[in-house]
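Just below is one structure, and these are the notes that go with it.
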Amino acid sequence: MIFLKTEDEIELLRQSNLLVGRTLAEVAKMIKPGVTTAELDRVAEEFIRDNGAIPTFKGFPNPNGTPFPASLCTSVNEQVVHGIPGNRSLRDGDIVSVDCGVLLNGFCGDSAYTFCVGEVSSEVKRLLKVTKDSLYLGIQNAIHGKRLGDIGNAIQQSCEAAGYGVVREFVGHGIGKEMHEDPQVPNYGRRGTGTLLKNGMCLAIEPMITMGSRQIYLEDDRWSVSTRDGKCAAHFEHTVAVRHGKADILSSFEFIEEILGDKSI
Ligand code: MG
Ligand code: MG
């Protein structure tokens, strides 16, 4: 069942999502060779709680019943999503996808950004740029009267044209009082098909794009998802409200990119 949000609810969702953006900016300040993903997680959790919110990922169960142990997902290089923060130190040339979710005033925020650690190859930077651009191409289709397949198709077409893989097993989602609501929002699809988009639908759109094959596997920790071929993957996510004429992006990369400056992708 898809819940359409009222204007007041959309503003609450915006507050939650802006907090996610500001949390990711705190993470951005720390990204450099030598930092561990556990350190990123500790700072993020503290920032979320200091702002009166709850990290929604912490304790979130997966289909195996294993609760997620941290506040951020930190997925390094070949990890696509759901990487568990730990004592892995980031190294010069790595990329790390950081996904963050909060619950504030009863509404969820969810957004993700892939960061470069030190100097990253131009090949990998291109993966990040194409993935981020595809997110905005998807968002351009999150308007009243279009269909879900229009969002997925825009993402898929642009990423596959660049020679990349589009992960099928994990998708975006509706968002509101719950982090994951209906509908599912695939990053692939056919134009003009799928659920009709309506003003007030709130969606987390999140392309997960691989440099090589789109085949993935679940690591032994039962959470981390990695590419089978070991090639890098990128993940960018915004929460948006479907509107007449133009989507309203409720999350923000502005805080992050203020920190990254001319190192922004
Ligand atoms: Mg997310
Ligand atoms: Mg999400």
Side-chain angles (χ1 to χ4, degrees), residues 1-6 8-24 26-27 40-41 44-45 47-49 51-75 79-85 97-114 135 138-139 142 148 151-152 167 169-187 195 197 200-208 218 222-225 235-242 247-253:
M1 160 145 192
I2 298 173
F3 299 105
L4 299 181
K5 274 71 181 184
T6 65
D8 287 351
E9 288 173 329
I10 289 172
E11 288 318 306
L12 287 167
L13 276 164
R14 191 189 312 279
Q15 293 311 312
S16 307
N17 278 284
L18 290 178
L19 176 57
V20 173
R22 291 198 292 123
T23 306
L24 290 172
E26 293 301 307
V27 171
L40 304 179
D41 182 62
E45 178 169 1
F47 189 80
I48 291 165
R49 294 195 191 277
N51 281 279
I54 294 168
T56 37
F57 295 176
K58 203 159 197 181
F60 194 85
N62 70 5
N64 319 302
T66 318
F68 193 76
S71 298
L72 295 178
C73 296
T74 54
S75 308
Q79 292 181 326
V80 184
V81 285
H82 303 165
I84 298 176
S97 299
V98 181
D99 195 349
C100 178
V102 306
L103 180 68
L104 176 68
N105 300 317
F107 285 85
C108 290
D110 189 6
S111 179
Y113 198 92
T114 302
L135 169 59
I139 290 171
L148 265 184
I151 297 176
V167 171
E169 293 86 344
F170 295 88
V171 295
H173 48 92
I175 181 166
K177 290 182 178 168
E178 302 288 335
M179 179 166 63
H180 296 142
E181 295 185 357
D182 288 339
Q184 293 200 337
V185 184
N187 297 305
T195 302
L197 301 177
M201 267 185 200
C202 291
L203 307 173
I205 302 176
E206 47 180 317
M208 295 156 241
L218 186 64
R222 312 307 289 159
W223 273 104
S224 310
V225 173
H235 180 210
F236 288 86
E237 176 179 26
H238 268 315
T239 292
V240 309
V242 172
D248 185 357
I249 304 177
L250 304 177
S251 47
S252 175
F253 294 157

Exercise. Check for a donor-acceptor pair, side chain of Thr114 on one end and backbone N or O of His235 on the other, with a separation under 3.5 Å.
Key: yes

Self-check item: Rounded distance [0.5 Å steps], CG in Leu72 versus CD in Glu45
Solution: 9.0 Å

Quiz item: Under 4.5 Å between any side-chain heavy atoms of Gln79 and Val225, yes or no?
Solution: no

Quiz item: Taking atom CD of Glu9 as the centre, does the number of heavy atoms from other residues, nucleotides or ligands within less than 6.0 Å exceed 12?
Solution: yes

Quiz item: Would you call Ile205 and Leu135 a side-chain contact if the rule is heavy atoms closer than 4.5 Å?
Solution: yes

Quiz item: How far apart are the closest heavy atoms of Ile48 and Gly101, and which atoms are they?
Solution: CD1-O, 4.4 Å

Quiz item: If you take all heavy atoms of Glu178 and Cys108, which pair is closest and at what distance?
Solution: C-SG, 3.7 Å

Self-check item: From Asp41 atom CG to Cys100 atom SG, the distance as rounded to the nearest 0.5 Å
Solution: 9.5 Å

Practice problem: Provide the closest heavy-atom pair for Gln184 versus Leu148 in the form atom of the first, atom of the second, distance. | Solution: O-CD1, 3.3 Å

Quiz prompt | Side chain to side chain, Val167 and Asn187, heavy atoms closer than 4.5 Å | solution = no

Quiz prompt | side-chain contact (heavy atoms from CB on, under 4.5 Å) evaluation trace for Phe170 with Glu206 | solution = CA-CA 9 Å; Phe170 295 88; Glu206 47 180 317; over 6 Å; no

Quiz item: What's the spacing between Thr195 OG1 and Leu203 CG if we round to 0.5 Å?
Solution: 9.5 Å

Exercise. Please answer whether the main-chain N or O of Thr66 pairs with a side-chain N or O of Trp223 as donor and acceptor at a distance below 3.5 Å.
Key: yes

Practice problem: Locate the shortest heavy-atom distance separating Cys73 from Phe68; write the atom from each residue and the value. | Solution: SG-CZ, 3.7 Å

Practice problem: Classify the ring geometry between Phe253 and His238 as parallel (under 30°), tilted (30 to 60°) or perpendicular (over 60°). | Solution: parallel

Self-check item: Sub-4.5 Å side-chain heavy-atom contact between Arg22 and Ser252
Solution: no

Self-check item: More than 12 heavy atoms from other groups under 6.0 Å of CD on Glu169
Solution: yes

Practice problem: May I ask you to check whether His180 and Phe60 place their ring centers less than 6.0 Å from one another? | Solution: yes

Quiz item: Shortest non-hydrogen contact from Ile10 to Gly200?
Solution: CD1-CA, 4.2 Å

Quiz item: Can a donor-acceptor pair be found between the side chains of His82 and Asn62 at a distance below 3.5 Å?
Solution: no

Practice problem: Can you see which heavy atom on Ala204 is nearest to which on Glu237, and at what distance? | Solution: CB-OE2, 3.3 Å

Self-check item: Interatomic spacing from CD1 in Ile175 to CG in Asp182 - rounded to 0.5 Å
Solution: 13.5 Å

Practice problem: Could you point out which residue of Leu13, Asn17, Val185, Ile139 forms a side chain to side chain contact (heavy atoms under 4.5 Å, CB included) with Val240? | Solution: Ile139

Practice problem: Report yes if the side chains of Leu24 and Phe47 come closer than 4.5 Å at any heavy-atom pair, otherwise no. | Solution: no

Practice problem: Could you grab the distance from atom CG of Asn105 to atom CG of Leu12, nearest 0.5 Å is fine? | Solution: 6.0 Å

Quiz prompt | Sub-4.5 Å side-chain heavy-atom contact between Pro69 and Ile84 | solution = yes

Quiz item: Taking C-beta and beyond as the side chain, do Asp99 and Phe57 meet within less than 4.5 Å on heavy atoms?
Solution: yes

Self-check item: Leu19 backbone acceptor or donor facing Asn51 side chain under 3.5 Å
Solution: no

Quiz item: Nearest 0.5 Å, what's the OG1-CG distance between Thr239 and Asp248?
Solution: 11.5 Å

